[in-house]
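Here the structure is laid out as structure tokens; the discussion comes afterwards.
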Amino acid sequence: MRAETKCASEILLPVTDYDLAATLDSGQVFRWRPDGGGWVGVIGRNRVRLTQEREGILAQSDVPVEQWDWLRTFLQTDVELERILGTFPGDDPMNRAVAACRGLRVLRQEPWECLASFILSATKQIVQIRQIVSRLCEGFGDRLAAEPQKSSIANDLLYSFPAAERIAGLTEADLRNCRMGFRAPNLLAAARQIAAGTLELERLRGLPYGEAQAELMTLRGVGAKIADCVLLFAYGFDSAFPVDVWVERALRTLYFPRRRVSEKHLRRFAATHFGPHAGYAQQYLFHFVRTKPRKDEN
DNA sequence: GACCAGGACCATT
DNA sequence: AATGGTCATGGT
């Protein structure tokens, strides 16, 4: 039993139908880790512990917090999940995915951290993305105003995610030291464009989905999939439907078993079949196939 | 010690 | 429009 973290401020966000663990561990975010029955992570410049309670989500900070709107936004606790699930197609694969992932949510992240993280995600397993992001934050993030106590909390969670302006001043070698390989020049170029104002991430909020996606795809290393992740996870474009290797496998095996379907046909299906909150549906399918127990176990 | 990962991009067919 | 190679790294 570890000693309880000294807590200067806490709040209970009342919410039902919310699976905190599934949500924080479903490949949307990369800085959250289970700790003492809850989860510890960093949002902006706040290190927070989140715990699933019967009445909702308990949030604890070790520094005083006057208002918690940033946390409500991040967790999207005001979203009525049932209303969204009601827009999903009523087919068997979707029903199975929803049944298996009750309470899974789509978070609302800060755009730069989300963009940078998913630039680093290309052909990396989620565990490795976490490692790269950890090194990046510990190496170049700002020290947070958190008490330097010994705990099981990893060191990198004592730092903010480095701003674009900070990364823009680094060298490619600095970034390669974080073991991000060929993604280093892509992240560096993106950071420099954001820092220089060539691309304004805040401006994307007001654009139609297609235009916002095209803007992001002007960045080297950002294709349709990574752009869709950012549009869905940071901007709330619920129609964005990122298709990675897992989702493609899910679509093929669940909807087109033993049938050869072209890439284009699959893409058209994904864009039309899942309704106005297709991005949520995608997250359910993703988490469903990734957590489904293999048949050679148990 | 292969195999593969929340891809993108470029060169061939 | 569809394949194939390449990029860097390390978990499983």
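Note: hydrogens, waters and symmetry copies are ignored here, and every other heavy atom, side chains too, is used. Here is the naming used below: chain letters follow the sequence lines, and residue numbers restart at 1 for every chain.
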Original post:
For A/V247, which contact category applies under a 4.0 Å heavy-atom criterion: base, sugar-phosphate, or nothing?
Top reply: base
Subject >> CD-CD distance between A/Q109 and A/Q76, expressed to the nearest 0.5 angstrom >> reply: 10.5 Å
Subject >> A/R268 atom CZ, neighbour heavy-atom count above 12 within 6.0 Å >> reply: no
Original post:
Of the candidate nucleotides B/dG6, C/dT3, C/dG11, which contains the atom at the shortest distance from the side chain of A/Q128?
Top reply: C/dG11
Subject >> Close approaches to DNA chain C from residues 212-222 of chain A, in residue order (heavy atom, under 4.0 Å) >> reply: none
**OP:** With sequence neighbours excluded, give me every ring pair (Phe, Tyr, Trp, His ring centres under 6.0 Å) pair touching residues 202-226 of chain A.
**Re:** none
Original post:
Do other residues, nucleotides or ligands put more than 12 heavy atoms under 6.0 Å from A/E80 CD?
Top reply: no
**OP:** Could you tell me the separation between the CD atom of A/Q283 and the P atom of B/dG6, rounded to a whole number of Å?
**Re:** 12 Å
Original post:
Are A/F74 and A/W32 an aromatic pair by the rule of ring centers under 6.0 Å?
Top reply: yes
Original post:
Base, sugar-phosphate, or nothing: which does A/Q131 touch, judged by heavy atoms less than 4.0 Å apart?
Top reply: sugar-phosphate
**OP:** Please list, chain by chain and in numerical order, all residues satisfying ring pair (Phe, Tyr, Trp, His ring centres under 6.0 Å) with A/H273, sequence neighbours excluded.
**Re:** A/Y255, A/F269
Original post:
For A/A227, which residues count as a side chain to side chain contact (heavy atoms under 4.5 Å, CB included) partner, sequence neighbours excluded?
Top reply: A/Q213, A/L216, A/M217, A/V222
Original post:
Centroid-to-centroid, A/F241 to A/F274, below 6.0 Å?
Top reply: yes
**OP:** Identify whether any heavy atom of A/F30 sits under 4.0 Å from a base atom; if not, whether one sits that close to sugar-phosphate; answer base, sugar-phosphate or nothing.
**Re:** nothing
Original post:
Sequence neighbours excluded, which residues qualify as side chain to side chain contact (heavy atoms under 4.5 Å, CB included) partners of A/Q131?
Top reply: A/Q128, A/R135
Original post:
Counting side-chain heavy atoms from CB outward, which of B/dG6, C/dT9, B/dG7 is closest to A/R290?
Top reply: B/dG6
**OP:** Using only side-chain N and O atoms of A/Q125, determine if any of them is under 4.0 Å from OP1 or OP2 of C/dG10.
**Re:** no
Original post:
Which ones in residues 177-196 of chain A lie close to DNA chain C, meaning a heavy atom under 4.0 Å from one of its atoms?
Top reply: A/R179, A/G181, A/F182, A/R183
Subject >> Length of the CG-P vector between A/D244 and B/dC4, whole Å >> reply: 15 Å
Original post:
Which dot-bracket string describes DNA chain B (Watson-Crick N1-N3 plus N6-O4 or O6-N4, or G-U N1-O2 and O6-N3, all under 3.5 Å; [ ] crossing; | other strand)?
Top reply: .||||.|||||||
**OP:** Please state how far atom CG in A/L285 lies from atom C1' in B/dG6, giving the value in whole angstrom units.
**Re:** 14 Å
**OP:** Round to the nearest Å and state the distance from A/E248 atom CD to B/dA5 atom P.
**Re:** 11 Å
Hey, can you pull the donor-acceptor pairs under 3.5 Å for the side chains in residues 188-197 of chain A, sequence neighbours left out?
residue	atom	partner	partner atom	Å
A/R192	NE	A/A168	O	2.9
A/R192	NH2	A/A168	O	3.4
A/R192	NH2	A/L170	O	2.9

Original post:
How is A/G27 classified with respect to the nucleic acid when contacts are heavy atoms under 4.0 Å: base, sugar-phosphate, or nothing?
Top reply: base
Original post:
Taking only residues two or more places apart in sequence, or in another chain, which ones meet A/E172 in a side-chain hydrogen bond (donor to acceptor under 3.5 Å, both in side chains)?
Top reply: A/R176
**OP:** Considering only atom C1', compute the distance from C/dC7 to B/dA5 and round it to an integer number of Å.
**Re:** 14 Å
Subject >> Gap in Å between the two P atoms, one belonging to C/dG5 and one to B/dC4, rounded >> reply: 15 Å
**OP:** Could you tell me the separation between the CG atom of A/D228 and the C1' atom of B/dA8, rounded to a whole number of Å?
**Re:** 14 Å
**OP:** Work out which heavy atom in A/R45 is nearest to a heavy atom in A/L144; give both atom names and the distance.
**Re:** O-CD2, 3.4 Å
Subject >> Protein-nucleotide distance (A/R130, atom CZ; C/dG10, atom C1'), rounded to Å >> reply: 15 Å
Original post:
Do the side-chain N and O atoms of A/Q60 and A/S9 include a donor-acceptor pair separated by under 3.5 angstrom?
Top reply: no
Subject >> For A/R203, all residues meeting side-chain hydrogen bond (donor to acceptor under 3.5 Å, both in side chains), sequence neighbours excluded >> reply: A/E215
Original post:
Contact class for A/R249 vs. all strands (heavy atom < 4.0 Å): base, sugar-phosphate, or nothing?
Top reply: sugar-phosphate
Subject >> Selection: residues 99-121 of chain A, any non-hydrogen atom under 4.0 Å of DNA chain C >> reply: none
Original post:
Quick one: A/R176 CZ to C/dG10 C1', roughly how many Å, whole number?
Top reply: 16 Å
**OP:** Rounded to the nearest angstrom, tell me the gap between atom CD1 in A/I132 and atom P in C/dT9.
**Re:** 9 Å
**OP:** Linking directly or through intermediates, with side-chain heavy atoms under 4.5 Å: list the remaining ILVMFWY members grouped with A/L12, chain and number order.
**Re:** A/L58
